[in-house]
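Everything below concerns the one structure shown next.
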Amino acid sequence: MGCRPPGLLFLTSLLHIWHCAGGQGSYTIDTVRLTIEPRNAVQTGTAVRLRCQVSVSHSNIPNLIHSFQLTRDDVPIYTNNATEDTVEYKINPARAADSGDYECRVSVKNKAKASNSQKLDVKGLQTPTLHLTTSSPYENEEFKATCSAPEEKGPLIFQFYQSFKTGSPEVIKQLSQGGNSSTATLRLSHIGNCILYCDYEIRLVSGNQKSNSSKKVELIVKALHIAPIINILPSNSLSEGDIIEVVCRVVSPPSNTEVFLTKDKVILKQVRAAALSHKFTVREDDSGELVCKAEWGSVQKETSRRITVRSLFSKPQLTVEPTDIVEGDHFKLTCSVSILDSSKINNETMQYSIFKDKTEVANTATYMTVAQLSASGNYTCNAKSDSLTRTIVKESQKHFVKVKVPVSEPVLSVVGGTLFLGKPFQLSCYSQRGTLPIKYTLYQPSKPTNIKVVSKRDEKAIFNLTSITQISDIKNILCHANNSQLKPPTVGTGEQLLKSSDIIEPVSKPHLTTEPRMEDISEGYNMTLVCSVQRGSFPINFTWYSLGKGFLDSKTSRKLKESHSISNVKGDHAGGYFCECTNPAAEPKQSAIIIIRVKMAGWKKGLIAVFCLLFVMAIILFLFYKKRLPKLKKRRTGTLSVKAASTKVERMSLTQAEVNEAANGTAPYADAVSFSTKTQSSQATPGMMGKSIWSEHVSGSESDDNCSTNTLEKPEIQYKEDQLQQADPSRVPVKQGTDTVHGEVRNSQQGVQELADAASVEYAELNHDTNHQSDPSDHGYHSDPSNHGYHIANDDQPNDNSVSINCANNEE
């Protein structure tokens, strides 16, 4: 509809191309209008025309091509390209399937515009017709029913109804097909009159519309009398071995009727006739229902009877001893039955046979043999009762006998081949021989038992173990492998691991020592740092560190001890040291830090000592000469000084030459010196008695004090010289050389000052008169020949004065 001759379209297209090549004009689509004639709502069967008109404004563009597209519910139903501005689309006759929303869309070159939507509503549906293949079917007989509406379009849904004189209609079939007709297969079971009819439904975007019902067709469903009759002879209560006959018969069946005899869904016999007969010997398992079935076309009817079969003896039982058989063991098979009806059968009439894989191996009730691998298989036994009236054979159930290969000694190994003490590891336990499944049991001291069952070929039992700290613990590991409950397990020990695996023991904490001992390390000598461990797998890496200098040295050794030497030790080598050890276990350990103190070299100590000694001597000499020099000047004056007494003991010093001169009587003054004071007393202090003036040597400073001059605050004490007497050489001890002889005079009164005499007396020698010494009380002098000097005591009163005599050198 609305199509133009091909030649005209081709010419129009050429003109359009030429115009486009010549120049580009301007244009605009003004309006697009869609109209439905005669109207938007019509009855079914009415002729409908859709008219689409476009208005385009352009600048002198001849033969402008318009592309029209007509859609219903947004589905394109018509297209056309024309130079005219109007196209028409006819629907004749219009059906309900044509209802919907229509729209016209026009494209001019690269511009397009659509019309307003127009709705077409077609009212009414064609009444369907129903056709049946038979009007008097048998019960449950299949027949065909066709419902059609040939003038309708679109997908239709057909429904078939059955109704009776009483009651509501019932949908017996519903079909959804794309055409305008549908055929259904119906089977009616109700015997008697019934009514059939149909209708259909169309699905639109606006909603579903349903047709009127077809004409109703009345049917007569006839009964089919083909139910069979079953007879069992002699009875339905039987004993195994009895022979029975089953008869199935149908009275007046239609042609092509079939009769079946079934039991437990197994067809025993089938005939295409009115009756059948079947004879068979019943067995123990024949108890149950026998079914007779008659079939004509799709119609079936059946009748059943139950039979009961009693057993004369039980089904044979095959037993195996032992139940767990290992290669090389003896085992026995026994076949046995239980007699249930001794009136018809006894044990003497029973016959037994034993089979292996359906091959007879024994015709007795018992079979014994030695277990070999070839003995594995399925065993059964038959029990047979044979008599004149019956023969009964029963077979036992299959019994699978498996001869097991004994388990070989399990082999223990570490997964990965290396065992690090102190770290978790996996242990493998595996037996090369043995029938699966094999049960592996791992035992460890003070730890729970671990069990693994291996069911696959070449599979190993893998156990996850916690750390082992000592090699001795490995020897206590046990792995039991077993595949039989009646046989003891084979045992694998942990000693295998010592041979098959690399056992890495971490190093113990290292100990760092020195050679020589730390307290004997001195400058200039060599020092050795010795790092040692008590245990650990080789090789061991030893590394030495200094707290001040860091890394010192590293050595890898296959010994438990290594050393690092430091030559020509210096003071800066003092400080902290430690060593670190590690091995393939990768667990480094550090020793304790030792503090090394380096002693000074011996020659340095000697040099310092000499320096200090020289320094002290220089100070002593300096002080000595500084103190001695003014005293030497005073000694040249040769004066005798008297000073106030004090608690200090004053000493009189004489040279050895003077003592000798006094003993020989050659001194200018041989007489003893007389001391007289104003308040002299005859009493003497006991502590002062017997004090020898020759008994002590004084120090250099005290000796120097004897040459000093003292000024006394008391009245002048008079000293006079007695007549010189010849001294007794035998009573005066003589000292050789230049030894100094000391004499003491103590002043018993403290704090009394005495006036010094201006005169000084020089003594060339001491006069020791025997007459003076004979009288101890004379002048208060006491002489003791056994002592090397005189004891002078002043018996004065508490205010005694003591006299200090300073004897100058004779040379002066």
Side-chain angles (χ1 to χ4, degrees), residues 1-125 151-156 178 202-209:
M1 289 178 296
C3 295
R4 295 171 178 265
L8 181 60
L9 291 176
F10 177 75
L11 182 59
T12 303
S13 300
L14 289 177
L15 291 174
H16 177 69
I17 295 173
W18 174 83
H19 176 74
C20 293
Q24 182 69 33
S26 60
Y27 65 94
T28 180
I29 301 175
D30 298 327
T31 59
V32 176
R33 183 181 178 186
L34 176 65
T35 59
I36 298 177
E37 298 175 355
R39 53 190 171 272
N40 290 65
V42 297
Q43 291 295 322
T44 181
T46 304
V48 177
R49 183 175 60 186
L50 281 75
R51 180 184 180 87
C52 184
Q53 185 177 10
V54 62
S55 175
V56 179
S57 300
H58 58 88
S59 58
N60 196 23
I61 301 176
N63 300 320
L64 191 63
I65 302 299
H66 308 95
S67 297
F68 295 90
Q69 184 185 58
L70 196 62
T71 62
R72 180 179 63 234
D73 297 329
D74 292 333
V75 177
I77 59 173
Y78 173 77
T79 58
N80 188 15
N81 294 327
T83 56
E84 292 83 1
D85 60 356
T86 303
V87 295
E88 289 184 355
Y89 176 74
K90 296 180 180 181
I91 305 174
N92 187 20
R95 297 297 178 185
D98 296 322
S99 299
D101 291 331
Y102 288 82
E103 185 179 89
C104 182
R105 185 177 185 84
V106 179
S107 299
V108 178
K109 293 185 178 180
N110 58 351
K111 294 183 180 181
K113 193 169 186 177
S115 68
N116 294 328
S117 177
Q118 295 290 331
K119 185 175 182 179
L120 175 62
D121 187 9
V122 181
K123 304 285 186 178
L125 293 171
E151 296 180 356
E152 292 295 336
K153 298 181 290 186
L156 305 178
I202 184 170
R203 294 180 178 177
L204 302 174
V205 175
S206 59
N208 294 350
Q209 291 188 23

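- Under the 4.5 Å side-chain criterion, counting only non-hydrogen atoms from C-beta, Asp85 is not in contact with Val106.
- Applying the side chain to side chain contact (heavy atoms under 4.5 Å, CB included) criterion to Asn208, with sequence neighbours excluded, gives Glu201, Arg203.
- The side chain to side chain contact (heavy atoms under 4.5 Å, CB included) check on Thr79 picks up Gln69, with sequence neighbours excluded.
- Side-chain contact check for Phe68 versus Val54: some heavy-atom pair is nearer than 4.5 Å.
- Here Asp121 pairs with Lys123 under the salt bridge (charged side-chain N to carboxylate O under 4.0 Å, His left out) rule; sequence neighbours left out.
- Atom CG of Asn116 and atom CZ of Arg33 lie 10.0 Å apart (nearest 0.5 Å).
- Listed by chain and residue number, Glu37, Glu88 satisfy the salt bridge (charged side-chain N to carboxylate O under 4.0 Å, His left out) test with Arg49 (two or more places apart in sequence, or in another chain).
- Note: Ile65 CD1 to Thr83 OG1 = 5.5 Å, rounded to the nearest 0.5 Å.
- Under the side chain to side chain donor-acceptor pair (under 3.5 Å) criterion, Thr31 pairs with no residue, sequence neighbours left out.
- Summarising the geometry, atom CG belonging to Asp73 is positioned 8.5 Å from atom OG belonging to Ser117; distances are rounded to the nearest 0.5 Å.
- In this structure, Asp98 and Val48 have side chains that are not in contact, with every pair of non-hydrogen atoms separated by 4.5 Å or more.
- Residue pairs meeting the salt bridge (Lys or Arg N to Asp or Glu O under 4.0 Å) criterion with at least one partner in residues 55-69, sequence neighbours excluded, are absent.
- Here the OG-CG distance, from Ser107 to Asn81, works out to 9.0 Å after rounding to the nearest 0.5 Å.
- Not one N or O on the side chain of His58 forms a donor-acceptor pair closer than 3.5 Å with the backbone of Ser26.
- Not counting sequence neighbours, the partners of Asn40 by the side chain to side chain donor-acceptor pair (under 3.5 Å) test are Gln118.
- Not a single salt bridge (charged side-chain N to carboxylate O under 4.0 Å, His left out) links Lys111 to another residue, sequence neighbours left out.
- Remark: Asn110 pairs with Tyr27 by the side chain to side chain donor-acceptor pair (under 3.5 Å) rule, at least two apart or across chains.
- Residues satisfying the salt bridge (charged side-chain N to carboxylate O under 4.0 Å, His left out) criterion with Arg72, sequence neighbours excluded, are absent altogether.
- Between Ala96 and Ile202, the shortest heavy-atom distance links the atoms C-CD1, 4.4 Å.
- Partners of Thr44 according to the side chain to side chain donor-acceptor pair (under 3.5 Å) rule, which considers only residues two or more places apart in sequence or in another chain, are Arg95.
- Considering every non-hydrogen atom in both Pro93 and Lys153, the closest pair reads O-NZ, 4.3 Å.
- Considering all non-hydrogen atoms of both residues, Val32 and Lys113 come closest at CG2-O, 3.6 Å.
- Interatomic distance, Lys90 NZ to Leu50 CG, rounded to the nearest 0.5 Å: 12.0 Å.
- Panel note: side chain Ser99, backbone Val122; a donor-acceptor pair is recorded below 3.5 Å.
- Rounding to the nearest 0.5 Å places CD1 of Ile91 at 6.0 Å from CD1 of Ile77.
- Pairs passing the disulfide (SG to SG under 2.5 Å) check and including a residue from residues 38-77, sequence neighbours excluded, read Cys52-Cys104.
- Thr71 places none of its side-chain heavy atoms less than 4.5 Å from the side chain of Arg105.
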